[in-house]
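To start, the structure under review is shown below, and the notes come after it.
All chains are named by letter (A, B, ...) in the order of the sequence lines, taking the proteins before the strands, and each is independently numbered beginning at 1.
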2 protein chains.
Amino acid sequence: MRTSIATVCLSGTLDEKLRAAAQAGFDGVEIFEQDLIVSPDSPEAIAAQAAELGLTLDLFQPFRDFEGVDEEQFGANLARVEAKFRLMKRLGMDTMLLCSNVGTATIGDDGIVVEQLRRLGDLAERYGIDVAYEALAWGRFVSEYDRAWDLVKAADHPRIGTCLDSFHILSRGTDLSRIAEIPGEKIFFLQLADAPALSMDVLSWSRHHRVFPGEGAWDLTDFLTRVALTGYAGPVSLEVFNDSFRQADTQRTAVDGLRSLRWLEAATADRVADRGAATGAGSTGTAAVTDGPSEQDDPGQVHLDLQRLPEVAEPRGVDYVELDTDDLGALTRQIHQLGFRFVGFHRTKPHVQLWRRGQARIVVTESTSTDAMSVDPAVSTAPSSSAISTSSAPGTSADVATAPIGSGTHLRGIGFAVADADAAMDRAILLQATEVPRDQAHDEEILRGVFAPDGSEVFFGDGTGVDPTWTEEFGNVPDDRRSAIDHVNLAQPAHHYDEAVLFYTSLLALHAQASNDVPSPSGLVRSQVMASSDGAIRMPLNLAPRSAESSATGDYPEHVALACDDIFTAAATAVSRGLDFLPVPENYYEDLEARFDLMPELLQRLQENNILYDRDDRGEFLHFYTSTIGSVFFEMVERRNDYQGYGAPNAPVRLAAQHRRNTGR
Amino acid sequence: MRTSIATVCLSGTLDEKLRAAAQAGFDGVEIFEQDLIVSPDSPEAIAAQAAELGLTLDLFQPFRDFEGVDEEQFGANLARVEAKFRLMKRLGMDTMLLCSNVGTATIGDDGIVVEQLRRLGDLAERYGIDVAYEALAWGRFVSEYDRAWDLVKAADHPRIGTCLDSFHILSRGTDLSRIAEIPGEKIFFLQLADAPALSMDVLSWSRHHRVFPGEGAWDLTDFLTRVALTGYAGPVSLEVFNDSFRQADTQRTAVDGLRSLRWLEAATADRVADRGAATGAGSTGTAAVTDGPSEQDDPGQVHLDLQRLPEVAEPRGVDYVELDTDDLGALTRQIHQLGFRFVGFHRTKPHVQLWRRGQARIVVTESTSTDAMSVDPAVSTAPSSSAISTSSAPGTSADVATAPIGSGTHLRGIGFAVADADAAMDRAILLQATEVPRDQAHDEEILRGVFAPDGSEVFFGDGTGVDPTWTEEFGNVPDDRRSAIDHVNLAQPAHHYDEAVLFYTSLLALHAQASNDVPSPSGLVRSQVMASSDGAIRMPLNLAPRSAESSATGDYPEHVALACDDIFTAAATAVSRGLDFLPVPENYYEDLEARFDLMPELLQRLQENNILYDRDDRGEFLHFYTSTIGSVFFEMVERRNDYQGYGAPNAPVRLAAQHRRNTGR
């Protein structure tokens, strides 16, 4: 599958955009005209640079407000488009995007529009240029892909084809079945974008909120499958207008974009194969394809060369969470207060130790040493460190030396138990993730991992998450208590939230749940849970507000939540060992009493132990928080029956208490 | 007029919110329940703190999902509301907000809802509490203010009244005429919010995009006038949910909010008086009131004590722009290249000099000295400095000493010519602006000014902007060239954009034009023009993206645009004096040729001089830019015929060129 990206997706100058696209591995780019106009480089120089970088220049875009005008205006438009044809020849380009007229069209008559498209085709023929006509969702007379196709079909000109753009089609909820009517060779270009489900005017939605496939709410796999089945063989290109991407690092956005296409390509390959199998068996009615095109006779006509990726299933569990600390005493004391048992030091890495509570494992690494689970990542090509959390970036000794005591405590990474760690790692690398450099003794289990968008490390281990074999390197302490890591709450840097969603979706087969906003004293915290279907993996991703406070402290805390069977026993242990609970206001319990019909004894026990409470139709949730060390704190949770949430109504209580502690008020 | 603000408008803890509201000068607050729940202070302690601060606790809010339910659910709801009544008594509060049911209502029958409201009234009576029933715009059965009023009227209970919220009413575009039917004493509370004109679902619009009156698109003066004419005498309160306000400094937001109410109060006083005059004259058909309530017989029933402010007309012109610099040579050389003439040094302030080009005046202050037009503002209570532009904050010698050469050049302030400088200053102070401290020699003209939200200084001078008398302090150089300051382009710090719009609206009677987004290599720049009706004052406010680049350089440049009669003559002078023009790419001129039918000679002259071009239905715009010194650059503009814009299509060309220079690419 040939991959392409519109330069408008990326920040920076045209020069920077071309370099980033090539470095990420795209085959080509769409030249967004505005990027060319503001460039100091001549068209010939741009063409030469692209050739040198190995990029094809796939589409010149956009040409606007052409058809459906009176003859005088049409003459002016022909002169205008001819100037662009000449420019395209200097760039060595042969495909132009023509958007349906939004501004100047006064004529909706099909006959006139068809005639104007045909005359455009004649002019384009003289320059050897193909014109791809696209229905903008807010076009004056043409706003649906099938109407654009009807016009193109009627124009019946070899130089006039259509361009399909998933945004303009899916945003209107148009019936997709007529895609199957379009011969692949008349689809001159294909643009893909995903988008979150928003209810707003489609123009603003399009201009500000598009995201890469896999980062939004739409089924792009179905869309691409339908297009693939037409026999389309051209580039599959990203066209995304996104306020955040425009501000983000050019190179990272390009990598994020290519990851989305590689992931989509593999998913589409699977979907097409499913369909082929179904059709080959003489059945078009299986569940896998009933939503897809069903009247196509020849699934063999797919000309997109769709590459698969090594398959990964959802992780089976969390093997461990690794914390770095420059205050070993404070951190391990808190872990002990939560009922963890010390397992041992790593047999060859004396600054690395393991603690466990049932199947909840925490690897603690003293960060003044250099013999962590992985080597010093400061020399690696890790993504740049988090903008909101200095601590979520891999720390160095130098950093720690100048920071306050304890501030070097942060969440370094998470180990996931997967069915096939090698396959997961191969897939991750093919999806452009950067491997964590790591020293490996010969007799040790090989653990490999990659950097997540927030700079934390994701490690893959074979197994089920129960007593993994690598723990033998720390010695062995049996612990059959029923406890595990319930969820890990991560802070995400600004401008990389969507990238994180795609990262965990594409590498770990996690699913994005609906996002919501949680009020804190410094602003709304956007929160979105990435989880596996069975709940074995739960990771709320939080995007903290960029307030004066958070930028001043450079810190938004992350946390590890531990599941237990009996929160009151856990609390009693913690009390007896002197845990510094995060205090819960009395007002909270009075409100709880008004909201839920709780037994007075239960209410009193909750309050005495700073335990918060939530309930839904399926069960109950009881939990308490610890104080924060560095940028990490802990939560102990007990889920009763089938409660599936995270106590979201209680999050503002926690955030306010942490705010008061942070600010000393 | 008693002023109030909902605690949800402000960032921080309840304690911080109460202090900020009191310090800004509010009479009372609405207690947003969530703020109370997360507070460690008891209701009694909160009541005591409010009393000590001189704040009344005006409204407990919100109580949700009460009415329109079956009898079993209703019993539970009564128990829930009674718990809140008890809480309110501990707070010493006597008014509760009841929102129309959005979640649990199953019964739309008026009779049942009325009966439930009546039973609520009976319970409320036992606690001496008034309940203000409000129609949420997305209520299940009740979403219009007049329907809520019909239900309240039918309930006919002394403890049940209605609450009017401008957002819920204006967002739906409901006919306002029925407000006049509601007796003032049955309006138990009044909440005000403005909002930008957005087309999105009303819930998201409400939760994220409300702004203070005067900062959005609605006519709140008309709305408040209508409510005032009912005889309403209670608090006028702000309830604004805004993502940016939630992240902004608590105290500044409170000041911004009170300014909005003071401004609105004065405008409403004028409107009511106009109406009274019209009605008194026996006419209800004058233009001033035709949009207002017209069937009211007794305009004398206004019980809100509406205070006027000293009136200001729109400024007549810009007297001067003041620039601070630590590189006097570079800055004055550039000014000279633009055709400015040196007028002289200030007679008592040797580090302050004046340059002029016709009626365009620039005061240049060497910032290593302490004898600027104003005294060192580092000792003042100025708003905290700009988050995006260190240079727009008043500089100090210490700052400059450690910064790179030239980086201390910034726009310090603007002098406005107004009809009555004393009135303008009095009004500014009543609107909570902070005065710029200033040394004043006895024989010098008294110029007074205040700090704008971006930290720049706004000075008021009597006159018309033509040869103001204070210029005599610099000596006098006649200059009858037709040149003036066309516009000044200011950068605004994040989270204070709306505050800036209200500041210039309320203090200087400027008008906000439609905002638009301009693409730059580092993201979209939000731009909104504040202008006077005759165009004598034009100030585009820009909110730069918070990209890696802009936060790294801490700098988004501001600029001064100079109007001239003949851009080619100005360019020739500049060329002869060696001006460093901002270069314009050749690609731009090729596109210009395709877009406009320009004479080849004109096109060539434009290109030779790096002059950009724009045209609209009314005229033409020719302009060039200089390089940037510190955070300031200049633009020379020639407006032909009646062109009213700012060459917005050319802004991306400028931003890209500046990006290349900034990044050295």
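Heavy-atom distances place the side chain of B:Arg90, and not its backbone, under 4.5 Å from chain A. Residue B:Glu593 does not touch chain A at all, counting heavy-atom pairs closer than 4.5 Å. Heavy atoms of A:Ser42 lying under 4.5 Å from chain B belong exclusively to its backbone.
In this structure, A:Arg660 and B:Asp15 have side chains that are not in contact, with every pair of non-hydrogen atoms separated by 4.5 Å or more. Within the 4.5 Å cutoff, the side chain of B:Arg207 has no heavy atoms near those of the A:Asp517 side chain. Residues A:Arg246 and B:Pro519 meet the side-chain proximity criterion, which asks for heavy atoms closer than 4.5 Å. At a threshold of 4.5 Å between non-hydrogen side-chain atoms, the residues B:Asp591 and A:Lys84 count as touching.
Once rounded to the nearest 0.5 Å, the distance linking CD of B:Gln247 with OG of A:Ser522 reads 8.5 Å. Atoms CD and CG, on B:Glu590 and A:Leu36 in that order, are 8.5 Å from each other to the nearest 0.5 Å. The distance from atom CG of A:Asn587 to atom CG of B:Asp35, rounded to the nearest 0.5 Å, is 11.5 Å.
A:Pro585 approaches B:Pro40 most closely through the heavy-atom pair CB-CA, 4.0 Å. In terms of heavy atoms, A:Gly12 sits closest to B:His659 at CA-NE2, 4.2 Å.
A search for salt bridge (charged side-chain N to carboxylate O under 4.0 Å, His left out) contacts involving B:Glu82 returns B:Arg126, not counting sequence neighbours. Remark: B:Asn242 engages no residue in a side chain to side chain donor-acceptor pair (under 3.5 Å) (not counting sequence neighbours).
Contact tally against chain A (heavy-atom pairs below 4.5 Å) for B:Ala594, B:Ala656, B:Ala83: the top residue is B:Ala594. Ranked by heavy-atom pairs shorter than 4.5 Å toward chain A, the options B:Ser520, B:Ser11, B:Ser39 are led by B:Ser39. Between chain A and the residues B:His208, B:Lys17, B:Glu586, the most heavy-atom pairs under 4.5 angstrom are made by B:His208.
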Please report the C-alpha distance between A:Met200 and B:Leu198 in whole Å, then the side-chain angles of each, then the deciding distance to 0.1 Å, and finally whether the side chain to side chain contact (heavy atoms under 4.5 Å, CB included) criterion is met. CA-CA 8 Å; A:Met200 66 194 310; B:Leu198 297 174; over 6 Å; no
